[in-house]
Structures are given as structure tokens and as C-alpha cells.
Amino acid sequence: VWIQQKSGKGIMALRVEESLHFANISQLKELMGKLELQATSPIDVIIIDASNIAMVDAGALQILQDMVEDWLQAKKLIFFVKLRDSVKPV
């Protein structure tokens, strides 16, 4: 998973550069955890630019849903922006 990431105070914004599937979603989860640990202030807002995600398979979707639930329980705001029409129904 290739991610372009920018951070501001309390904000992590990143762009995923490929489709998400069971084989690579764990890389995304691990990398996001590392980025959060490296942040200079607590992350309160996560913005994911999904413009290059053409497809999300069922395995990746389940893990992504679990990630979102964890973030919501931690009182973080999550935004998925620039979703392609092929991904929106998911």
C-alpha cells in the first residue's frame, strides 16, 4: 500500500494509492498505527483520500469497518473523501 500522508495538529490526512484487498489491508492498518504513534500531537481527525481506490474486496471491507469502529470508540472523526462511484455502494 502506498500512502501519501500529511499531518497537522491533531489531523492525519492520507491518500491510498491502490485498491484495497485482503492481502494489503493489514499493511494499511499497520502503517496508519505507526503514523499515529509518530505524530507530535494526538490525532483527533483522520481524512482518507480514496480517489485512487478502485475496488475494496469483502475481506478488506471487514477490516476497514473494524478500524473505523475502533477510531469512533476513540472519539476520532473519520472522513473518506473523493470516493469513486465503484466504491461508494460498499
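Numbers for residues simply follow the sequence, beginning at 1.
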*Which atom names give the shortest non-hydrogen contact between K76 and I43, and what distance separates them?*
NZ-O, 2.7 Å

*Derivation of the side chain to side chain contact (heavy atoms under 4.5 Å, CB included) call for F22 and I63*: CA-CA 8 Å; F22 183 76; I63 294 170; 4.2 Å; yes

*asked:* Using 0.5 Å steps for rounding, measure from the CD1 atom of I78 to the CG atom of D70.
replied: 9.5 Å

*asked:* Can you tell me how far apart CG (L77) and CH2 (W71) are? Round to the nearest 0.5 Å.
replied: 12.5 Å

*E18 and N52: side-chain donor and acceptor closer than 3.5 Å?*
no

_Residue pair V45 / F79, side-chain heavy-atom distance below 4.5 Å_ = yes

*Side-chain contact, heavy-atom cut-off 4.5 Å: L20 with D57?*
no

*How about V68 and L72: do any of their side-chain heavy atoms sit closer than 4.5 Å?*
yes

*Interatomic spacing from CD1 in I53 to CZ in F80 - rounded to 0.5 Å*: 7.5 Å

*Output the distance between atom CE (M32) and atom CD (E36), rounded to the nearest 0.5 Å.*
8.0 Å

*State, yes or no, whether a side-chain contact exists between I11 and I47 at a heavy-atom distance under 4.5 Å.*
yes

*For K75, which residues count as a salt bridge (charged side-chain N to carboxylate O under 4.0 Å, His left out) partner, sequence neighbours excluded?*
none

*Would you mind reporting whether Q38 and L35 have side-chain heavy atoms less than 4.5 Å apart?*
yes

*Indicate the atoms forming the closest heavy-atom contact of S51 with R15, along with that distance.*
OG-CD, 3.9 Å

*Taking only residues two or more places apart in sequence or in another chain, which ones pass salt bridge (charged side-chain N to carboxylate O under 4.0 Å, His left out) with K29?*
none

*asked:* Ignoring hydrogens, what is the shortest heavy-atom contact between A54 and S19? Give both atom names and the distance.
replied: N-OG, 3.4 Å

_Test side chain to side chain contact (heavy atoms under 4.5 Å, CB included) applied to L14 and I48, step by step_ = CA-CA 5 Å; L14 51 95; I48 299 174; 4.1 Å; yes

